[in-house]
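Data first, discussion second: the structure below is written as structure tokens.
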There are 2 protein chains.
Amino acid sequence: MAERVRLLDVAKAAGVSQGTASNAFGKPDLVRKEVRERILEVAKELGYRGPHVMARMLRTGKAGALGVVFPDNLEYAFSDPVAIELLRGVGRECARQAVNMMIISAENPEQAITAINNAAVDAFLVHCYSDDNDIISAIQRRNQPLVCIDTDIAGAAGTVVLDDFAGAEMAAQHLIDCGARKFAILSLQANKAENFGPMNAKRRGAVSHRVVRERLGGYHASLKKAGIAIEDVVHIECENMSSHSAEMVETMLRDHPEIDGILAMSDVIAIGALDGARASGRKIPDDLKVIGFDGIAEGERTDPPLSSIRQDSVEKGRLAAEMALGETQGDNNRVLETSLLVRGSTR
Amino acid sequence: MAERVRLLDVAKAAGVSQGTASNAFGKPDLVRKEVRERILEVAKELGYRGPHVMARMLRTGKAGALGVVFPDNLEYAFSDPVAIELLRGVGRECARQAVNMMIISAENPEQAITAINNAAVDAFLVHCYSDDNDIISAIQRRNQPLVCIDTDIAGAAGTVVLDDFAGAEMAAQHLIDCGARKFAILSLQANKAENFGPMNAKRRGAVSHRVVRERLGGYHASLKKAGIAIEDVVHIECENMSSHSAEMVETMLRDHPEIDGILAMSDVIAIGALDGARASGRKIPDDLKVIGFDGIAEGERTDPPLSSIRQDSVEKGRLAAEMALGETQGDNNRVLETSLLVRGSTR
DNA sequence: CTGAAAGCGCTTACAG
DNA sequence: CTGAAAGCGCTTACAG
């Protein structure tokens, strides 16, 4: 490959100083029109490809990119429908602000830290459930704006979370209103230790993921209000994967045939629950009512269509990106609302 | 904020040269253990945050990131299930090679070109349908490895495409084997001009998107072989969106009630076709057989489950990333195979 | 194994 | 509006 043409080469060939040549590209208003055009023409003749990105970055200190990290599970970003919606929102805001989107990729936590240190970005966005995390610390060490989604982290420039408590309250209240009395709660993973299956009271007390804690609290609040004892509620911790929750629900319905209402902490889990319930011979919503959480599009096509608590994940991502990129004034701890979405799986 | 601590500050404080300090971080083997440890300790005391990313990039010329561009439609990346699978594959390979993933984001083509010029990456991956494209030219001007997915572009370092022709042949042959005789083809967008609706012979001759050209060719080959005249086949160009194809199919079945086989160029289109056919009172597969293309997971849950031509989009993305990052020897024009996926929508 | 020096390519005060 | 100069922070030949 030929030697790279530099700005200085262009400047010399055009008979101007390097500074003027630089301005011709970066600040066109500062250069007289004829001069600018001559510089651009000479540049084209020499095959100059425009200012070197890395050099400009070093000089200006601006990377023109937003880093996005998924510390809990790095492949998760492109698997979970909710995470994808989030990315769509982030992408939208990045496009609006003419900033690229750097997805930090790694196979394991150690590599993730290296990846974070190697990323030329102006700010970070983190989606995670827990806050005690080496990856988070690595980001904080970079000393750049950091916005957290779905969890609170001390020292973050901002936080975007859902009013998970209120959403869960709504979900449980809705099932109660539909006549359910014997409840099962299908929980998302509650903390770092993977411990899928029945969730006893001890484990329910050791929840470190904010989302799980809040949603559990919301469910319980409505159930208690309706006079239902929490000890009588079946709790199961599920992987966020339909095939897994389907199995869990089949087993559960064998052990607890009386269950007539399922509160699932995600639509992905709820969709599996529909499968498991159908395989167990239950008619939904007649025998058993199921409500999910998130309101993903796929819930429209299930059999029956899935009731849920709708959240606007796209907006969640967009807003977080906006905050990270520093266009937001004032309050930097945002709580987004949810709404009840009634479809065929409850009545 | 305090002044940034530089490597030179660390070197001075540790009583070594800057070069040695640099090696302590980047090439630990070249520095005696005690010296290295002293340097690292001094660094920690001074609050040195590790080598400045941009400076290292400028010096080494390596960005440690792969650029990913979706020139046809920039929001498409996080909307289309097939694009998301592609991204998952790219992400997986990036993780394997410890490289980050830079998604080029922009609201319009002009901004996209700026975004490309501002991206500090080592190589580009492009997913697109057409090859005549200002955005592609902008990437090529960067003079970095470029791998194209789903289209051929002159001067690309590599290409990953599907054997779309063979896949489409299989799809049509399968419907013929199932007894269909009166066909409709639901095409993806055929070229830059959005021209949704009936697709006459003239427009069928002006297809610039490779995928559409190949799939159309494959369908036609099987149909001709079965003695079906192409002029009798209804062709409709659809937006790649289920709600749109559903409408198109309702109208189509009103105008052409004889249709008993639908060949859809994507599963997203096919899923809409199922809706449209159901709304028109057709029983699938008894009255009408439908086959899609792609084999996305969502096709398992439709009513009835969708037959399709399966492609491995994850592997497509992964392979393209591998090629772009230069780990591939030999042939750099890969053609991936497809397979027939028979489910409830055909019999 | 260590040190002194050059230079990656640019932008931005500064002086005119 | 233009030019000369400094410096962003690092890594890497090179000489010892």
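Chain A is the first sequence line, chain B the second, and so forth, proteins listed ahead of strands; every chain is numbered from 1.
- If G19(B) and A55(B) are placed on DNA chain C by their nearest nucleotide, the residue sitting closer to the 5' end is G19(B).
- Of the possible donor and acceptor atoms, one in the side chain of T60(B) sits under 3.5 Å from a partner among the backbone N and O of R56(B).
- Dense packing is recorded around CD of E45(A), with more than 12 heavy atoms of other residues, nucleotides or ligands lying under 6.0 Å away.
- In terms of position along DNA chain D, the nucleotide closest to M54(B) lies nearer the 5' end than the nucleotide closest to the other residue of the pair T20(B) and M54(B).
- Contacts of Y48(A) with the nucleic acid, taken as non-hydrogen atoms under 4.0 Å apart, involve only primed sugar atoms and P, OP1 or OP2.
- Aromatic ring centres of F25(B) and Y48(B) lie closer together than 6.0 Å.
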Legend entry - Watson-Crick or G-U pairs under 3.5 Å in DNA chain C, rendered as dot-bracket with [ ] for crossing pairs and | for another strand: |||.||||||||.|||
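- By the 30° and 60° cut-offs, the orientation of the rings of F70(A) relative to Y76(A) is tilted.
- A donor-acceptor contact shorter than 3.5 Å is absent between the side chain of N117(B) and the backbone of T114(B).
- On the nucleic acid side, DNA chain D contacts chain A at distances under 4.0 Å to non-hydrogen atoms, with the end points of that region at dC1(D) to dG9(D).
- At distances below 3.5 Å, not a single donor-acceptor pair connects side-chain atoms of D150(A) with backbone N or O atoms of H127(A).
- Between the R318(B) side chain and the E93(B) main chain, no donor and acceptor come within less than 3.5 Å of each other.
- Comparing N23(A) and R59(A) along DNA chain D, the residue whose closest nucleotide (by nearest heavy atom) sits nearer the 5' end is N23(A).
- With hydrogens and angles disregarded, no donor-acceptor distance shorter than 3.5 Å links the side chain of N23(B) to the backbone of L30(B).
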